[in-house]
Amino acid sequence: MILETGRLLLREMDFFDRPAIAAILQDRQAMYAYEHAFSDKEVNAWITQQLQRYAEYGFGLWAVADRSSGTVIGQCGITMQSCPDRLVPEVGYLFRRSAWGHGYATEAAIACRDYAFHRLGLSEVFSLIRDNNYPSQRVALRNGMSLRGRFVKHYYGMDLTHLIFSVRRPGALSACAL
């Protein structure tokens, strides 16, 4: 177990979680900010990438389970992302649609932010969010983040505008002046 909150457990994902992770990544509505649902091959690559992140950085996107049932309802964690020409630690989150609107993403994101500050010693964390993904933007704001800028990310053959949100550890100077 990496983190526990009042309602959630966050732990490293593995291929035993594939059905739950695939249910999110292969749901076109849940993946609207990515502009496509993932193929089986892309789901496998996604999980493999998280395993590589755990080995390289000691963190990545973690499986998020409902504490009462143990059911995996999403993923949330910290990944290193390009912003726009440097790597920054991003708090990212993806949840199945039935978990939307219950505050799970905010609860998990706040726990990840605090983990980044207090366990990893980071001075600032980011969320890089599509400009049309209003629910994720609201999560970032509830996570104490402020809008810092925007950039265009080339993904899946498209240029997609992303907003840059960040929050600094109290007393810390900005690690990335944007």
Side-chain angles (χ1 to χ4, degrees), residues 1-34 37-38 42-81 88-130 133-146 163 165-170:
M1 202 60 48
I2 305 294
L3 291 168
E4 293 184 47
T5 70
R7 300 181 296 164
L8 305 171
L9 302 171
L10 284 75
R11 60 170 174 73
E12 289 186 357
M13 71 175 71
D14 58 35
F15 276 94
F16 291 110
D17 297 310
R18 190 188 187 290
I21 300 302
I24 299 164
L25 298 177
Q26 294 184 324
D27 178 342
R28 181 152 178 75
Q29 288 179 295
M31 297 299 290
Y32 72 92
Y34 286 76
F38 281 27
E42 288 171 311
V43 171
N44 291 339
W46 181 272
I47 295 170
T48 298
Q49 182 179 45
Q50 301 322 310
L51 300 176
Q52 291 169 341
R53 286 173 168 158
Y54 304 153
E56 183 174 354
Y57 297 108
F59 53 84
L61 289 176
W62 297 307
V64 178
D66 177 276
R67 202 174 168 141
S68 62
S69 68
T71 302
V72 173
I73 61 170
Q75 49 193 310
C76 184
I78 305 158
T79 60
M80 298 305 293
Q81 297 291 331
V88 297
E90 181 192 28
V91 174
Y93 31 87
L94 285 166
F95 283 79
R96 67 182 191 201
R97 281 188 293 134
S98 63
W100 291 4
H102 300 280
Y104 296 128
T106 298
E107 187 173 330
I110 288 170
C112 289
R113 175 203 67 200
D114 292 347
Y115 182 91
F117 290 161
H118 304 298
R119 297 285 301 277
L120 300 177
L122 299 175
S123 60
E124 187 170 17
V125 292
F126 296 77
S127 284
L128 311 175
I129 303 170
R130 284 281 310 275
N133 189 344
Y134 303 113
S136 287
Q137 292 173 35
R138 287 190 294 273
V139 170
L141 292 170
R142 287 191 295 269
N143 197 9
M145 295 187 171
S146 298
L163 302 178
F165 290 86
S166 80
V167 61
R168 295 175 188 109
R169 187 180 69 233

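Just so it is clear, the values below take in all heavy atoms, side chains as well, and ignore hydrogens, waters and symmetry mates.
The line from CD of Gln52 to CD of Gln50 is 9.5 Å long, rounded to the nearest 0.5 Å. Note that CD1 of Ile110 is 10.0 Å distant from OG1 of Thr5, once rounded to the nearest 0.5 Å. Atoms CH2 and CZ, on Trp62 and Arg11 in that order, are 13.0 Å from each other to the nearest 0.5 Å. Atom OH of Tyr115 and atom CG of Leu122 lie 10.0 Å apart (nearest 0.5 Å). Once rounded to the nearest 0.5 Å, the distance linking CG of Leu9 with OG of Ser68 reads 9.5 Å.
Pairs engaging residues 97-106 under the salt bridge (Lys or Arg N to Asp or Glu O under 4.0 Å) rule: Asp27-Arg97 [sequence neighbours left out].
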What do the steps show when you test Asp66 against Tyr104 for side chain to side chain contact (heavy atoms under 4.5 Å, CB included), and what is the final call? CA-CA 9 Å; Asp66 177 276; Tyr104 296 128; 4.0 Å; yes

Please assess Met80 against Tyr57 for the test side chain to side chain contact (heavy atoms under 4.5 Å, CB included), listing each intermediate value before the final yes or no. CA-CA 9 Å; Met80 298 305 293; Tyr57 297 108; 3.6 Å; yes

Before you tell me yes or no, could you show the steps for Leu25 and Glu42 under side chain to side chain contact (heavy atoms under 4.5 Å, CB included), namely the whole-Å CA-CA distance, both residues' side-chain angles and the distance that decides it to 0.1 Å? CA-CA 9 Å; Leu25 298 177; Glu42 288 171 311; over 6 Å; no

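Residues Ser127 and Tyr93 form a side-chain contact, since some pair of their non-hydrogen atoms from C-beta on lies under 4.5 Å apart. Residues Arg18 and Asn44 meet the side-chain proximity criterion, which asks for heavy atoms closer than 4.5 Å. A heavy-atom distance below 4.5 Å is not found between the side chains of Leu3 and Cys76. The closest side-chain heavy-atom distance from Ile47 to Asp14 is not below 4.5 Å. Side chains of Ile78 and Arg53 form no contact here, defined as non-hydrogen atoms less than 4.5 Å apart. Side-chain contact between Ile24 and Val72 is absent, with no heavy atoms from C-beta onward closer than 4.5 Å.
The nearest pair of heavy atoms linking Tyr54 to Met13 is OH-N, 3.0 Å. Taking each heavy atom of Ser136 and Ile129 in turn, the nearest pair found is O-CD1, 3.4 Å. When every heavy atom of Tyr134 is checked against every heavy atom of Tyr32, the shortest pair comes out as N-OH, 4.4 Å. Considering every non-hydrogen atom in both Thr106 and Arg142, the closest pair reads OG1-NE, 3.0 Å. For the pair Leu10 and Cys112, the tightest heavy-atom approach, listed with the atom from each and the gap, is CD2-SG, 3.7 Å. Nearest heavy-atom pair across Phe126 and Glu124 is CZ-CD, 3.6 Å.
Gln137 contributes a side-chain N or O that, together with a main-chain N or O of Arg130, makes up a donor-acceptor pair within less than 3.5 Å. Side-chain atoms of Glu107 come within 3.5 Å of backbone N or O of Arg7 as a donor-acceptor pair. The backbone N or O of Met145 lies less than 3.5 Å from no partner atom in the side chain of Asn143, so there is not a single donor-acceptor pair. Side-chain atoms of Asp114 do not come within 3.5 Å of backbone N or O of Ala111 as any donor-acceptor pair. The main-chain N or O of Gly121 is found under 3.5 Å from a side-chain atom of Arg169 such that the two form a donor-acceptor pair.
Under the 30°/60° scheme for interplanar angles, the aromatic rings of Phe38 and Tyr34 are found to stand perpendicular.
Taking Arg67 as the reference, Glu4 meet the salt bridge (charged side-chain N to carboxylate O under 4.0 Å, His left out) condition, with sequence neighbours excluded.
Applying the 6.0 Å contact sphere to CZ of Arg119 captures no more than 12 heavy atoms from other residues, nucleotides or ligands.
Side-chain atoms of Trp46 and Gln75 include a donor-acceptor pair closer than 3.5 Å.
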